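We count ligands from 1, going down the list as the structure has it; atoms in each ligand are counted the same way. Along the sequence shown, the residues carry numbers beginning at 1. From a predicted model like this one, the values you see are computed outputs, not experimental measurements.
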Amino acid sequence: MFDKVLIANRGEIALRVIRACQELGLKTVAVYSEADRDALHVRFADEDVCIGPPAANLSYLDPKRIIAAAEVTNAGAIHPGYGFLAENADFAEVCESCGIEFIGPKPDQIRKMGDKASAKALMKAAGVPVIPGSEGIVPTFADARDVADQVGYPVILKAVAGGGGKGMRICRDVAELERGFHICSTEAANSFSNPDLYLEKVIVNPHHVEIQLIGDTHGNYYHFGERDCSIQRRHQKLIEETPSPLMTPELRARMGEAAVNGARAVDYRGVGTIEFLVSDDLEFYFMEMNTRIQVEHPITEEAYEVDLVQDQIRVAMGETVKYNQSELVPKWASIECRINAEDVEKDFRPTPGRIEAISVPGGPGVRVDKAVYAGYMIPPFYDSMIAKLIVRARTRDKAIIKMRGALDQFIIQGVPTTIPFHQEIFAHPDFVAGKYDTSFIETKFRRKEAADIKKKNLTMKRPGEGDTDAADSEATSEPVPVGVIDKDSE
Ligand code: MV4
């Protein structure tokens with residue numbers, strides 16, 4: 001048992017974990033790099049330790065420094081948050097060997113899920129639907145060609161050590177496969193120190209739908225429905241929502257059951273997420289398992305009225321988690337916008353700098369998870385997400401209206417943010433209608449690069465013309481006024 005938790009993270013998730021610990025009566029230790037001296041997680045924790053220079057490799061990503069900080073403060077547990085060391089099996093193992101509770105699954109569970117081919121094999125054995133493809137890795141091009149002949153083109157090569165869109169390559173025919181195999185394998189060796197690849201049939205324009213689950217150390221497993229994370233740009237999620245517009249109670253029950261079966265089969269403990277690809281005809285396939293609390297966990301908390309971070313810590317304390325699965329139904333529609341300090345007009349380039357002024361939206365059903373404040377300097381060393389804006393309402397349509405208002409009332413001065421981009425998405429008729437998949441941003445939105453190329457090829461235009469919808473022949477629909485979508489009554 002532990003009564004003090006070290007939070008091996010920064011930013012909004014560090015605050016989220018500190019709050020959960022405080023509510024559970026646990027003491028907290030913040031660690032921080034020299035770039036984060038003025039960060040709120042340092043102020044809000046009971047104790048704090050400077051662990052090194054700004055570079056993540058020399059601070060938040062360095063197991064030795066984190067363990068040393070836990071030992072000097074006598075912290076009995078480490079919460080890794082997301083990113084950094086959250087899915088580092090070796091780190092979880094070091095924690096274990098030092099007698100420090102790692103708040104997450106066992107090292108070997110992290111390791112098995114980190115190897116995407118092994119994760120897929122385990123899930124398949126547990127009866128979870130998987131994408132047709134190779135059984136394990138394809139050691140040679142000849143093996144890849146044989147599997148591709150069986151499942152049919154197009155196929156996708158994926159690095160076993162990749163994930164989140166890294167180390168993937170689509171091949172439309174055998175010639176592309178031959179070239180692609182060697183390129184992908186070399187890239188995987190260079191990027192992940194592991195050249196191993198597996199191969200799958202391509203699911204065209206899939207939906208990204210993930211199931212949130214929890215397992216305790218007493219054999220209890222529950223799921224908290226889905227999150228639709230299909231609104232992404234270059235594998236960065238922009239918006240997440242639950243319920244998913246394409247979900248039905250029957251499909252949710254089947255996907256939830258599959259996820260729980262998968263978790264049970266590996267004796268999983270803690271909170272976790274199983275990512276599925278869902279085709280337009282509502283077939284679902286296991287893609288990856290995330291063995292951490294995720295950025296987008298708040299929408300599940302809002303919709304299901306649960307506290308996933310508290311539950312996660314309780315599991316690590318050996319407590320029994322008690323829910324009635326039949327009562328775990330979405331009580332609200334919830335949507336999250338990830339707000340990044342990025343210049344949308346400059347290819348989403350990060351814009352570190354000083355937040356001169358900030359005013360956040362509020363009112364019932366509005367939650368802002370953030371760690372920035374007026375006068376705060378956003379350091380250039382870490383990721384650019386500065387806030388998560390989460391809303392909930394009784395219906396999706398009402399949640400969209402609430403989000404539009406909240407975005408309009410979210411004022412950040414000093415650095416450009418992605419708020420204007422979110423406002424565009426929330427004005428798009430296809431998004432409002434729930435008609436979107438993972439290709440939405442690429443196909444329904446102007447892409448700066450595409451726009452620039454097209455503009456060059458067009459005859460002279462007045463300034464501004466051809467900036468937006470002209471860049472994409474499909475993006476011709478007009479925004480809809482707010483009142484039009486509210487068809488329901490409470
Ligand atoms: C796929 C796929 C289509 N078919 N696998 C991208 C992230 C990584 N986790 C897996 N990804 C994909 N795997 C097969 N067999 C399409 C994607 C994909 C994608 C998946 C989820 C969310 C956004 C995406 C954007 C492009 C491609």
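At a 4.0 Å heavy-atom cut-off, ligand 1 touches E288 through the side chain alone. With a heavy-atom cut-off of 4.0 Å, L277 touches ligand 1 through its side chain alone.
No salt bridge links D280 with K435; every basic N to acidic carboxylate O contact stays at or beyond 4.0 Å. Ion pairing between a basic and an acidic side chain is recognised when a charged N comes within 4.0 Å of a carboxylate O; R10 and D36 show such pairing. E301 and R16 are joined by a salt bridge, as a carboxylate oxygen and a charged side-chain nitrogen come within less than 4.0 angstrom of each other.
The closest non-hydrogen atom to atom 14 (C) of ligand 1, taken over V204, D437, I156, comes from I156. For the residues G165, S230, P206, the heavy atom positioned nearest atom 8 (C) of ligand 1 is part of G165. Here atom 10 (C) of ligand 1 lies nearest to M287 when heavy atoms of Q232, E442, M287 are compared.
Between K158 and ligand 1, an N or O atom pair is found at a separation short of 3.5 Å. On a distance-only criterion, H235 and ligand 1 share no N/O pair closer than 3.5 Å. Considering backbone and side-chain N/O of T438, none are found under 3.5 Å from N/O of ligand 1. Residue I131 has no nitrogen or oxygen atom sitting less than 3.5 Å from a nitrogen or oxygen atom of ligand 1, judged on distance alone.
For H428 and F440, the ring centers are positioned less than 6.0 Å apart.
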